[in-house]
Amino acid sequence: MKTCIKNSSAKTILFFAVMGLSIIVSSCYGDGFDPELEVETVVTDFAGNDAVSVDKFGNVYVSEFGQFVGANGNGTRVFKVSKSGDVTEFASGLTGPLGNAIDAQGNLYVVNGSGDGAGDILKITPDGSQTVLATINGFPSGLTLDHHKNIYVSNFGTPTVHRITPQGEVTVYASDPRLAGGVGVDFDRKGNLIVGNFATADILSINPEGIVTLIATIPNAVVNGFGIGYITVVGNSVFATGIGVNKIFRVTLDGQVEEFAGNGNAAVVDGLINEASFNGPNGITADKYGKALYISEFGGTGALRKIKLR
């Protein structure tokens with residue numbers, strides 16, 4: 001765990017009272033994160049163990065991939081968790097649902113049934129109606145949206161990222177051997193698409209022209225083929241779940257890697273980020289304002305966890 005040294009000088013505090021801005025205390029994390037952050041449990045004994053999204057009201061949506069039975073997961077639902085921690089089923093009747101993302105109108109997009117050589121991208125409206133927007137060959141896994149409601153889909157089985165328009169038109173957005181094994185996917189604030197490779201623990205960047213570059217490889221993160229689950233981008237930081245090592249990593253967009261949270265023990269224990277434990281952290285996302293991370297757990301009896309960033 002990286003050790004931060006606090007500067008007690010008043011110069012580290014920028015106070016703009018006249019402008020009505022908040023006090024900002026800089027830290028060695030680079031994005032203004034407090035090194036004394038804590039992990040808390042939102043829901044215990046939770047079946048949601050895959051991708052996580054947060055809507056504009058702060059409700060959290062979690063896919064239930066379940067566990068592998070043959071080529072597919074045996075999960076069938078997407079859960080909705082309110083800000084107060086109440087859990088309801090937002091969607092059911094699915095087949096090992098994976099990546100998800102929600103738009104401003106409350107439509108949820110979910111990768112479904114990827115284990116048989118192709119997977120569907122479902123659109124689920126707020127009233128629960130399901131339609132297949134597109135079908136992607138391979139093992140489509142994670143997805144994210146741009147500001148125009150185009151969907152970008154990573155692929156564990158093929159070296160591609162696909163783009164799907166709101167009308168369901170599918171094109172290859174990028175193709176590169178390093179993209180095979182991709183799961184987590186999110187945009188940075190410059191419009192680059194960031195992809196996390198589950199199998200290699202590579203963090204890759206795709207620019208708007210489709211050119212792929214390596215940001216960093218997270219060392220010692222792959223255990224028995226389990227590397228990093230999903231990713232989310234907050235400011236200049238990529239947060240990645242170390243599903244095999246029970247840790248959360250932070251990778252800066254210029255390639256610096258650090259262990260951000262988790263002591264490596266497979267357990268559900270809250271506390272300071274370097275003391276708390278995760279049980280196979282998998283899905284991860286930030287709320288719309290980058291104030292908190294939400295993390296699902298793959299390790300059997302898991303939980304929905306939260307880290308307040310500010």
Side-chain angles (χ1 to χ4, degrees), residues 1-2 4 27-35 37 39 50-54 99-101 141-146 152-156 161 173-174 176 178-179 181-208 211-222 226-262 273 278 281-296 305-310:
M1 181 69 62
K2 182 177 178 181
C4 296
S27 80
C28 65
Y29 287 104
D31 278 311
F33 302 127
D34 185 345
L37 301 173
V39 179
D50 208 83
V52 185
S53 295
V54 181
N100 63 49
S141 46
L143 61 80
T144 193
L145 300 170
D146 67 15
Y152 298 77
V153 186
S154 60
N155 205 306
F156 186 79
V161 170
Y173 182 70
D176 187 285
R178 295 169 292 181
L179 294 173
V183 174
V185 61
D186 197 9
F187 278 100
D188 70 13
R189 53 192 177 188
K190 294 183 178 179
N192 301 305
L193 190 65
I194 310 301
V195 179
N197 190 303
F198 184 100
T200 63
D202 287 345
I203 304 297
L204 303 157
S205 177
I206 308 172
N207 71 12
I211 298 173
V212 180
T213 56
L214 175 68
I215 295 175
T217 300
I218 300 174
N220 305 314
V222 182
F226 284 74
I228 56 173
Y230 287 80
I231 66 163
T232 191
V233 180
V234 180
N236 291 315
S237 298
V238 181
F239 292 94
T241 53
I243 187 171
V245 295
N246 304 302
K247 296 179 180 180
I248 310 300
F249 295 95
R250 173 182 173 256
V251 181
T252 63
L253 293 174
D254 61 1
Q256 300 179 56
V257 180
E258 67 181 17
E259 295 179 4
F260 180 74
I273 55 175
F278 296 90
N282 187 23
I284 187 169
T285 195
D287 66 13
K288 300 302 180 184
Y289 304 102
K291 292 185 177 181
L293 299 174
Y294 292 89
I295 301 145
S296 69
R305 317 294 294 282
K306 179 180 180 180
I307 303 174
K308 292 182 180 178
L309 296 179
R310 52 178 67 92

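Starting from 1, each residue takes its place in the sequence as its number.
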query = So F249 and E259, side-chain contact (heavy atoms from CB on, under 4.5 Å) or not? Walk me through it.
reply = CA-CA 5 Å; F249 295 95; E259 295 179 4; 3.7 Å; yes
task = Take F260 and I307, measure what side-chain contact (heavy atoms from CB on, under 4.5 Å) needs, and give me the verdict at the end.
result = CA-CA 11 Å; F260 180 74; I307 303 174; 4.3 Å; yes
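Of the possible polar contacts, none joining the T252 side chain to the N236 backbone as a donor-acceptor pair under 3.5 Å is found. The closest donor-acceptor contact from the side chain of S296 to the backbone of D50 lies under 3.5 Å. Under a 3.5 Å cut-off, the side chain of S53 and the backbone N or O of N100 do form a donor-acceptor pair. In this structure a side-chain-to-backbone donor-acceptor pair under 3.5 Å is missing from R250 to A261. Looking at R178, its side chain does come within 3.5 Å of a backbone N or O of V212 through a donor-acceptor pair. Without hydrogens or angle criteria, D202 side chain to L204 main chain gives no donor-acceptor distance under 3.5 Å.
Counting only heavy atoms from C-beta outward, the side chains of N246 and P281 approach each other to under 4.5 Å. For the pair F278/V39, a side-chain contact is recorded, criterion being any heavy-atom separation below 4.5 Å from C-beta on. Counting only heavy atoms from C-beta outward, the side chains of V52 and I295 never approach each other to under 4.5 Å. Contact annotation: the side chain of L309 approaches that of L293 to within less than 4.5 Å [non-hydrogen atoms, C-beta and beyond]. Within the 4.5 Å cutoff, the side chain of L253 has heavy atoms near those of the I215 side chain. You'll find the side chain of V233 stays beyond 4.5 Å of the side chain of F187, heavy atoms only. The closest side-chain heavy-atom distance from L143 to S154 is not below 4.5 Å. Using a 4.5 Å heavy-atom cutoff, the side chains of I248 and T241 are in contact.
In this structure, L37 CG and K306 NZ are separated by 12.5 Å, a value rounded to the nearest 0.5 Å. Remark: E258 CD to K247 NZ distance equals 12.5 Å, nearest 0.5 Å. If you take NZ on K308 and CG on D287, they are separated by 11.0 Å, rounding to the nearest 0.5 Å. The distance from the OG1 atom of T217 to the CD1 atom of I228 is 9.5 Å, given to the nearest 0.5 Å.
Taking all atoms of both residues into account, the shortest heavy-atom contact from G99 to A51 is CA-CB, 3.4 Å. The shortest non-hydrogen separation linking G142 to V185 is C-CG1, 3.7 Å. Shortest non-hydrogen contact noted between A240 and I218 is CB-CD1, 4.0 Å. Nearest heavy atom pair, residue G235 against residue R189, reads CA-NH1, 3.8 Å. The two residues L145 and A101 have their closest heavy-atom pair at CG-CB, 4.0 Å. Of all the heavy atoms in V257 and P219, the pair that sits closest is CG1-CD, 4.1 Å.
Environment of CG in N220: sparse, with no more than 12 heavy atoms of neighbouring residues, nucleotides or ligands closer than 6.0 Å.
Side chains of Y230 and D186: a donor-acceptor N/O pair is absent below 3.5 angstrom, by distance only.
The side chain to side chain contact (heavy atoms under 4.5 Å, CB included) with I194 is formed by just one residue from the set I206, T144, T232, I203; it is I203.
Ring to ring, F198 and F226 are close: their centroids are under 6.0 angstrom apart.
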